[in-house]
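Indexing begins at 1, ligand by ligand and atom by atom, following the structure's order.
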Amino acid sequence: MSARPAPRPLYLQCGSYRLSLDRPLIMGVVNVTPDSFSDGGLYTDLQTAVAHARALIDEGADILDIGGESTRPGAEPVSLEEERRRVMPVLEALAQCGRPISVDTRKPELMQEAIATGASLVNDIDALENPAALSAVARASVAVCLMHKQGDPRTMQQNPQYADVVAEVRDYLKSRIEAAFRAGIERDRIIIDPGFGFGKTQEHNIALLRQLPELTGLGVPVLAGLSRKALLGRITGREPRDRVYASIAAALFAAERGARILRVHDVTETRDALSVWWALRDTIGASGENTAGHER
Ligand code: HH2
């Protein structure tokens, strides 16, 4: 007799927010960095970062992802003090913004401080491999995004290699879900992410995108971060800021294959495209409206 598949959560518990996963959610990116690959330097001071975050909420972001360290290929790590200086004032200013705030960090100290300031999701490109990060999330009621990467940002694109990229990413994420369970993190607090562009060639990224259902089968929501990434530049020949249309096509492709959270820079554009696609594909009870569940 085969094992019954794990029940799929119908919502994501993000601290005190319960987000419906009936339709794909949009995570808007706020990079408080001088060197992010597509928007570095645009939102480095508190006022512009907070104004950008509020604009993304007005555009329809369901979650905001605040980051203070670029993890683009070749990026040098940032010290805790510097990352804290960039991120914490923004988190404090957004604590009452009415949307769940995600902190994009791999530093356990910053995770703890962000959670204490009201962050309700930890987006960790190290998938809580640091035991202090695992316990910081386990102790709280926040959600977590467990992402796969091969190597470290500084060198990860030099020569990524896999025997079977889809199987290896799936097995890694499965083991990280199990580690999270063992630490006491409940299923409805966990998101997984194949980590597009993190130690992957064009072929690896495309294989993962095409076979995304292999990951949705793990029973927790899948996040896809494709927005403006180099894999789209290789197809279109365009620079990061001119990859909006390419990003929308990729986001819809990921959503069609089961991604439930789309991490994007261009919220209005993604939201409109997603709303139309969703209304057209959902023939039962389609209202044409894109309604997010923000229960507090
Ligand atoms: N991609 C980036 C950063 N964080 N987190 C998750 N979970 N998934 C991703 O694909 C992902 C991520 C890179 O994008 P960006 O933040 O815009 O650039 P940079 O790292 O240069 O700041």
Legend entry - Main-chain N/O of Gly225 paired with Arg263 side-chain donor or acceptor, under 3.5 Å: no
Legend entry - Cluster companions of Tyr43 among Ile, Leu, Val, Met, Phe, Trp, Tyr (side-chain spacing under 4.5 Å): Leu42
Inset, instruction - Let me know which protein residues bring a heavy atom to under 4.0 Å of ligand 1; chain then number is fine for ordering. - result: Asn31, Ser36, Phe37, Ser70, Thr71, Arg72, Asp104, Asn123, Cys145, Met147, Asp193, Phe198, Leu223, Gly225, Lys229, Arg263, His265
Legend entry - Polar side-chain atom of Ser36 near backbone of Ser38 as donor-acceptor pair, under 3.5 Å: no
Legend entry - Flag for Glu83-Thr105: side-chain donor and acceptor within less than 3.5 Å: yes
Legend entry - Distance-only polar pair, side chains of Gln13 and Arg189, donor-acceptor under 3.5 Å: no
Legend entry - N/O donor-acceptor pair under 3.5 Å between Asp62 side chain and Ile26 backbone: yes
